[in-house]
Q: 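I am attaching a structure below and will ask some questions about it afterwards.
As the structure is a computational prediction, the values presented were derived from the model and not from experiment. Chain naming here is simple, since letters A, B, ... match the order of the sequence lines and numbering starts at 1 in each.
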Amino acid sequence: MLHWKKYRPIDWALVAIAVFMPFLPLVDHNGGHINVLVNAGIYMMLAIGLNIVVGFAGLLDLGYAAFFAIGSYTYAMVASPQFGLHFSFWPMVLISAFVAAIFGVILGAPTLRLRGDYLAIVTLGFGEIVPQTFLNLAKYTGGPNGISAIDQPKLFGYHFGLNPLPYYYLVLVLIAFSLIVANNLRTSRLGRAWMAIREDEIAAAHMGINTTTAKLAAFSLGASFSGLSGVVNASLLTLVSPDQFKFNVSITVLSMLVLGGMGSLPGVVVGSALLSILNFFILPQASNLAATVGLHIDFTSYRFMLYGIILVAVMLFKPEGLWGSEQRRAELKESDITKAENAEYEEMPRETV
Amino acid sequence: MATLLELRQIDAFYGRIQALHGISLRVDKGEVVALIGSNGAGKTTTLRVISGLLRPAHGQVIYEGQDITRLSPDLIVGRRLIQSPEGRRIFARMTVLENLQLGAYTRTSLTEVAESLEEVFTLFPRLKERINQKGGTLSGGEQQMLAIGRALMSKPELLLLDEPSLGLSPLLVQTIFSIIRDINKRGVTILLIEQNARQALQIAHRGYVLETGNITMQDTAANLLASEEVRAAYLGGSVKAS
């Protein structure tokens, strides 16, 4: 629960940036910048979804890109010349989210008894199987070429086209919606069940929490957000192909959570924004800059090395993430708790009985 | 008195190792029943079978006249058969209040939950003082109070307590046991698992002795306390002393 007095200046800065975002295109007319922000927004939605699975429920999922692929392909198959279908964009946003949620249950069910490392390995497998399946079902998915000429959204007769600006506003609205939904989930009864499971699954079962249902709900609700971003992704690029959903997407999204702070919604926003800025803006700019002084270094190819350095630095200096939740901070300071536990037992006054 | 819980011929295994051999026991409404035995006798296993965490190979668990052997743990909790788990298992990184609220997870009426919270604070004023403190920073005794308080938040009909005296100073053990007696007087039936046999039998109405997965004795608590075999094996006194 947030209290007014707890807000720090940096919290207000974050709020100010969020309020300013809708007005940014009035100041910055550079379409390239807007395009970068749209891509960053798609990743932010993915991070909000993965945070439900990993941050709230504590289920380490290394194959989240699979759901992003399912969301993207769902829209691509019904809104392109592939089958000659041209479903409207808007209902498909919800339908794709729903389809991704169903696959969340299907892929989540076999992993229910697994924990930690084992869960991570199985989800990693799913993350590989899904793009491979799309690659090999060439009859339906276009195989390695994917599906192209995907329809772009229309709103009241206005055609989105290739201009990134309408996508920018669409993504802003979807992020706001996702954050509200995720925050409501966090404080709901289900959210409390997730946190209890993350803390101690056996104790959670003793509280009367159905751990099976709660974990499946985390997988499917988490996946549904990637359905949203998948639809936006497919219509923005007008092309989907299996190589867009490789392992590095899952790892990038997970790195965003680790950087910002797992389980913390402001952390997810900050972490995904920072990593996207690095990814889509700083690295390409740095390469351009190097080229102007005659150095031909492609900094973007050092992306994962930089992620690695950043993550190691975060783990060393701020292990709960840049904007970690208080809970997470406590989890990482386990040793203090154990110390207190071993402290001498206090005597209790008898009259309390 | 009406029978609340009955175990009939329970066989339970961990893999291929048989932990319980045809256990039968009964808890009547309003009773405190103690299940005593040494390490590895199968006390915790018995509780795991009752609360649905371990499926027995044979036998039945009958609660309020219904077979609950195959029900999942959450449904059993829904029937107000609550276990305060072995080793307390409080949520160390959540506050006292959040722990207690999770205890009331299965309940829907907010006013009733508030009433239970008041009741828990009456039994354990110390918890009220520490309401916003993280569970993990409480002392061992306070953690045990929190574990029992959390179990009470679900308004149990039958409360299963697993080693409530574990790791507590002798004075705190006294306190915890008199609170358990208090809880029983408020109408909660209790099945108590203890290694501290003397304390357990002093507050219990009846008791069972468990040895390597078999029930070897059953009697009223007073008779068990007086029994020479029990004294020799569990009460630490010499057989002759009286």
Q: Scan side-chain atoms only and decide if B:T189 and B:E157 contain a donor-acceptor pair under the 3.5 Å cut-off.
A: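 No, because no side-chain N or O of B:T189 sits under 3.5 Å from a partner of the opposite role on B:E157.
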Q: Please classify the contact of B:I76 with chain A as side chain, backbone, both or neither, using a heavy-atom distance under 4.5 Å.
A: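 For B:I76, there is no contact with chain A at all, as no heavy atom is under 4.5 Å.
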Q: Using heavy-atom distances under 4.5 Å, tell me whether B:S72 contacts chain A through its side chain, its backbone, both, or neither.
A: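 Neither; nothing under 4.5 Å.
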Q: Return yes if a side-chain donor-acceptor contact under 3.5 Å exists between B:Q83 and B:R48, otherwise no.
A: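 No, no side-chain donor-acceptor pair sits under 3.5 Å.
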Q: Hey, are A:R186 and A:N183 close enough side-chain-wise for a donor-acceptor pair under 3.5 Å?
A: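 Note: A:N183 and A:R186 side chains meet the donor-acceptor criterion.
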Q: Chain A: which of B:T106, B:N99, B:L102 shares the most heavy-atom pairs with it under 4.5 Å?
A: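 Highest number of pairs under 4.5 Å: B:L102.
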Q: Can B:N132 and B:T95 be counted as having a side-chain donor-acceptor contact under 3.5 angstrom?
A: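 Note: B:N132 and B:T95 side chains miss the donor-acceptor criterion.
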